[in-house]
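The figures that follow rest on heavy atoms only: side chains count, while hydrogens, waters and symmetry mates do not. Below, chains carry the letters A, B, ... as their sequence lines are ordered, and counting in each starts from 1.
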2 protein chains.
Amino acid sequence: MTAATRSTIAELAAQLRPSLLRLTRMIRNQRADTSVTLTQISTMATLRKRGPMSAGELAACERVQPPSMTKILAHLEERGFVRRKPHPSDRRQAIISITEAGNALYDSEQRSREAWLTQRLGALTGEERAQLRAVVPLLDRLAEH
Amino acid sequence: MTAATRSTIAELAAQLRPSLLRLTRMIRNQRADTSVTLTQISTMATLRKRGPMSAGELAACERVQPPSMTKILAHLEERGFVRRKPHPSDRRQAIISITEAGNALYDSEQRSREAWLTQRLGALTGEERAQLRAVVPLLDRLAEH
DNA sequence: TATTGTTATACTCTATAACTATA
DNA sequence: TATAGTTATAGAGTATAACAATA
């Protein structure tokens with residue numbers, strides 16, 4: 001890799017960081033439903049997509065530390081959106097899964113046409129949305145441990 | 001727009017949100033320099049790119065409320081990374097600009113090859129980075145007011 | 001001993017409401 | 001009165017350190 005290439009990559013990083021930050025800020029605030037936060041929705045999405053798992057695994061998926069996941073799960077469990085089942089062989093762990101109510105809440109969030117980000121995406125062209133769609137796996141790879 | 005298209009857009013939103021959230025989380029934490037936060041760096045980047053402006057304009061650029069910008073600027077000014085000059089005709093406002101020290105800090109941040117995101121981006125292919133580069137303006141448009 | 005998860009604690013980020021100074 | 005910015009206050013988000021339970 002040439003020095004010029006490295007410098008270009010650093011520049012991309014410098015462009016990407018503020019843009020990600022500002023968009024995430026907007027998404028957090030524009031959320032319509034106030035009973036669950038973006039962080040909590042993200043955790044529910046992971047449970048839906050990857051199925052039941054332990055608190056530690058969830059924390060790893062969400063890129064938060066275990067104590068943060070403890071808090072997220074306490075909130076969701078209190079409202080009946082997730083449940084815990086004992087692990088079959090390890091009593092330290094519990095297997096967390098999303099409940100009917102959690103799925104329903106998630107669906108209504110996702111389907112809502114008024115959802116801010118969905119509206120915003122609708123203002124882009126199909127090709128621009130395709131570009132974004134292609135980039136989602138890259139964002140996930142960047143966020144890997 | 002068909003119902004199927006709308007549903008696809010909602011799905012994209014649902015994929016994009018957690019991915020943005022998790023990557024932003026990682027970026028916030030992996031930051032090497034502890035004297036300025038991601039939020040503060042982003043504000044300095046805006047001052048560099050768009051030139052001196054008032055606190056209110058900066059808040060709008062950064063998509064934060066004015067009191068949040070007050071705090072950000074207090075921190076940066078205290079450390080000498082930005083300075084205020086009186087507005088020529090309106091004594092309520094001050095014009096904020098980045099200082100030499102602020103530019104130097106920003107440069108060292110951006111150039112650092114060890115910077116976490118830069119390293120991560122280096123692990124992608126050139127084409128993948130080009131995809132990300134193309135998407136930055138879209139992220140900015142999504143975050144517009 | 002090592003691992004899983006929780007509790008205790010604290011700091012960052014950010015907002016809303018109320019206020020001050022100036023226009 | 002309206003606008004620009006700050007102060008006061010509070011809640012969300014997240015981390016590290018210390019602890020408890022189990023493996």
Side-chain angles (χ1 to χ4, degrees), chain A residues 17-18 20-43 52-79 82 84-96 143 145, chain B residues 17-18 20-43 52-79 82 84-96 143 145:
Chain A
R17 280 191 313 185
L20 291 170
L21 177 65
R22 290 191 289 251
L23 181 52
T24 304
R25 220 174 244 154
M26 292 294 273
I27 292 172
R28 244 188 234 288
N29 294 342
Q30 301 296 332
R31 176 174 49 90
D33 188 314
T34 55
S35 75
V36 284
T37 66
L38 179 58
T39 297
Q40 291 155 9
I41 287 171
S42 178
T43 296
M53 66 181 83
S54 72
E57 285 172 308
L58 256 181
C61 285
E62 290 300 302
R63 276 77 173 138
V64 295
Q65 292 301 309
S68 302
M69 187 47 68
T70 295
K71 264 199 168 180
I72 295 166
L73 292 177
H75 185 103
L76 291 174
E77 197 179 14
E78 208 170 76
R79 282 155 189 77
V82 303
R84 301 165 123 96
K85 283 194 306 190
H87 187 283
S89 63
D90 185 340
R91 276 184 303 167
R92 290 172 308 183
Q93 299 182 41
I95 300 303
I96 322 288
H145 294 287
Chain B
R17 279 191 313 185
L20 291 170
L21 175 66
R22 290 191 288 251
L23 181 52
T24 304
R25 220 175 245 154
M26 291 294 272
I27 291 172
R28 247 188 232 288
N29 293 343
Q30 300 296 331
R31 178 174 47 88
D33 189 313
T34 56
S35 76
V36 285
T37 66
L38 180 57
T39 297
Q40 291 156 9
I41 287 170
S42 177
T43 297
M53 66 181 84
S54 73
E57 286 172 308
L58 256 182
C61 285
E62 290 300 303
R63 276 79 171 135
V64 297
Q65 293 301 309
S68 301
M69 188 48 68
T70 295
K71 266 201 167 177
I72 294 166
L73 292 177
H75 186 104
L76 291 175
E77 197 179 14
E78 207 170 78
R79 282 155 188 77
V82 303
R84 302 164 123 96
K85 283 194 308 191
H87 187 282
S89 63
D90 185 340
R91 275 184 304 168
R92 293 172 305 182
Q93 300 181 40
I95 301 302
I96 321 288
H145 294 285

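Regarding contacts with the backbone of dA15(C), a side-chain N or O of N29(A) is found under 4.0 angstrom from either OP1 or OP2. Close to dT4(C), at under 4.0 Å from its OP1 or OP2, lies no side-chain N or O of S54(A). Taking 4.0 angstrom as the limit, R25(B) places none of its side-chain polar atoms (N or O) nearer than this to OP1 or OP2 of dG13(D). Within the 4.0 Å cut-off from OP1 or OP2 of dT14(C), not a single side-chain nitrogen or oxygen of R28(A) is found. In terms of phosphate contacts, R91(B) brings no side-chain nitrogen or oxygen within less than 4.0 Å of OP1 or OP2 of dT20(C).
In the set dG5(D), dA15(C), dT22(D), the nucleotide with an atom closest to the side chain of T70(B) is dG5(D). Candidate nucleotides dT22(D), dC13(C), dT14(C) were compared by shortest atom distance to the side chain of T37(B), and dC13(C) ranks first. For P67(A), the listed nucleotide lying nearest its side chain is dT16(D); candidates were dT16(D), dG13(D), dA23(C).
Contact between I96(B) and A55(B) at its shortest, heavy atoms only, is CG1-N, 4.0 Å. Listed here is the closest heavy atom pair of P18(A) and S42(B): CB-OG, 3.4 Å.
A donor-acceptor pair under 3.5 Å is absent between the side-chain atoms of R22(A) and the main chain of A143(B), judged by distance alone. The backbone N or O of S89(A) sits nowhere less than 3.5 Å from a side-chain atom of R91(A) that would complete a donor-acceptor pair.
With DNA chain D read from its 5' end, the first of the two nearest nucleotides for R92(A) and I72(A) is the one closest to I72(A). With the nearest nucleotide of DNA chain D identified for both P66(A) and Q40(A), Q40(A) has the one nearer the 5' end.
Of the candidates Q40(A), E77(A), H75(A), V82(A) forms a side-chain contact (heavy atoms from CB on, under 4.5 Å) with just one, namely E77(A).
Atom CG of L21(A) and atom P of dG13(D) are 15 Å apart (whole Å). Rounded to whole angstrom, the span from the NE2 atom of H75(A) across to the C1' atom of dG11(D) amounts to 12 Å. As rounded to whole Å, 10 Å separates atom C1' of dT9(C) from atom NZ of K71(A). The distance from atom CD of Q65(A) to atom C1' of dT6(C) is 14 Å, rounded to the nearest whole Å. Atom CD in E62(B) sits roughly 9 Å away from atom P in dT14(C) (whole-Å rounding). dA4(D) atom C1' lies 11 Å from atom CD1 of I95(B), rounded to whole Å. For L58(B) and dA4(D), the CG to P distance is 14 Å, given to the nearest whole Å. At whole-Å resolution of the value, CD in Q93(B) and P in dT22(C) are 13 Å apart.
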Task: side-chain contact (heavy atoms from CB on, under 4.5 Å) between R28(B) and L21(A), worked out - done: CA-CA 9 Å; R28(B) 247 188 232 288; L21(A) 177 65; 3.3 Å; yes

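Residue T24(B) is out of contact with every strand shown, counting any heavy-atom pair closer than 4.0 Å. S89(B) comes within 4.0 angstrom of sugar-phosphate atoms only, judged by non-hydrogen atoms across all strands, and of no base. Within 4.0 Å of S68(A), counting heavy atoms only, lies at least one base atom of the nucleic acid.
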